[in-house]
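Encoded as structure tokens, the structure appears first; notes follow it.
Each chain gets a letter, A, B and so on, in the order its sequence line appears, and its residues count up from 1. Quick note: numbers below take in every heavy atom, side chains included, and nothing from hydrogens, waters or symmetry partners.
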2 protein chains.
Amino acid sequence: MAVLRLARRLRAERADDSLSDGQFAVLAILSVHGPHALGALAERERVTAPSMNRTVNCLESAGYVRREADEDDARRVRILLTDAGIDLVAETVRRRDAWLDAVLDSLPEADREAVARAVPLLEVIAAR
Amino acid sequence: MAVLRLARRLRAERADDSLSDGQFAVLAILSVHGPHALGALAERERVTAPSMNRTVNCLESAGYVRREADEDDARRVRILLTDAGIDLVAETVRRRDAWLDAVLDSLPEADREAVARAVPLLEVIAAR
DNA sequence: TATTGTTATACTCTATAACTATA
DNA sequence: TATAGTTATAGAGTATAACAATA
């Protein structure tokens, strides 16, 4: 329950309220893992290709991603962040970090260490 | 990121795939905090009254909640879990616990303790 | 013939506005 | 007149089915 509640709180801290969670998730993937084909994005987010196509269209209209032709296979497209997309991700990370920093600063040092020790374990659990 | 990912993984462990996250959240509230008026449910979940009304209608049709007239104020309704709703919450909790138990069992004792120490801190952080 | 991306269409969830009944 | 709940209608987001281009 604590994890579900905190996730909800974190999602509220974003840099552009006009974008949905799913749209942000795509920007985050592109930021961390680099350019993707449409199908690869759909698979990572576990949505259908048409659904991801719509999400990418929205992000493209907003100027946060662009499509490039794939050099080797003309059927495929490369979807990548624009400069505006890179900035938006950085700003959102900055806001979340700022919020978390403020909360963590209010905790005693021992509690901060306890949280820090648990984070890699949560990563392991989520990966299962 | 770890929290967001784990929350997503946990939401996947449910006892009835035909119900949405929002519908489950209402069952969880009724289970933990008892019967609620429609407006109180809407406020807790931060959705509008019409939206919550629809959610409650779905849960009522599915047989998981029922409406009772409020004794003191004829405008209000009491929304509460049916026996089937109580069972569904218990089964979902059981499944999530079983999944978490299996994952935690694979960790060394020191890691389990580290996770246990962090949980109340995540509660505190999420409450901010 | 299979694969990648796209378009067409429908369904779910949420929202705002308007309505009913009680206080 | 204000409040609690409901109904009517519209806007996102996702899904399946069908289509176009390429391998």
Between [atom2] of [N] and [atom1] of [X], the distance in whole Å:
X       : N      : atom1 : atom2 : value
A:Asp70 : C:dT3  : CG    : P     : 17 Å
A:Arg78 : C:dG5  : CZ    : C1'   : 16 Å
A:Arg76 : C:dT6  : CZ    : P     : 12 Å
B:Asp72 : C:dT22 : CG    : C1'   : 14 Å
A:Arg67 : C:dG5  : CZ    : C1'   : 9 Å

A:Glu43 atom CD, neighbour heavy-atom count above 12 within 6.0 Å: no
Residues, nucleotides or ligands: over 12 heavy atoms within 6.0 Å of B:Asp83 CG: no
Carboxylate-amine/guanidinium contact [X] [Y], below 4.0 Å:
X       : Y       : value
B:Arg8  : A:Glu45 : yes
B:Asp70 : B:Arg78 : no
B:Arg11 : B:Glu13 : no

A:Val56 side chain near A:Arg67 side chain, heavy-atom distance below 4.5 Å: yes
Donor-acceptor contact below 3.5 Å, side chain A:Arg112 vs main chain A:Leu104: yes
Chain A contact limits on DNA chain D, taken 5' to 3' with a cut-off of 4.0 angstrom to heavy atoms: D:dG13 to D:dA23
Which residue lies more 5' along DNA chain D, comparing A:Gly22 with A:Ala74 via nearest heavy atoms: A:Gly22
Heavy-atom pair of closest approach, residues A:Leu88 and A:Phe24: CD2-CE2, 4.2 Å
Close residues, residues 36-60 of chain B, relative to DNA chain D [heavy-atom separation under 4.0 Å]: B:Ala37, B:Leu38, B:Gly39, B:Ala49, B:Pro50, B:Asn53
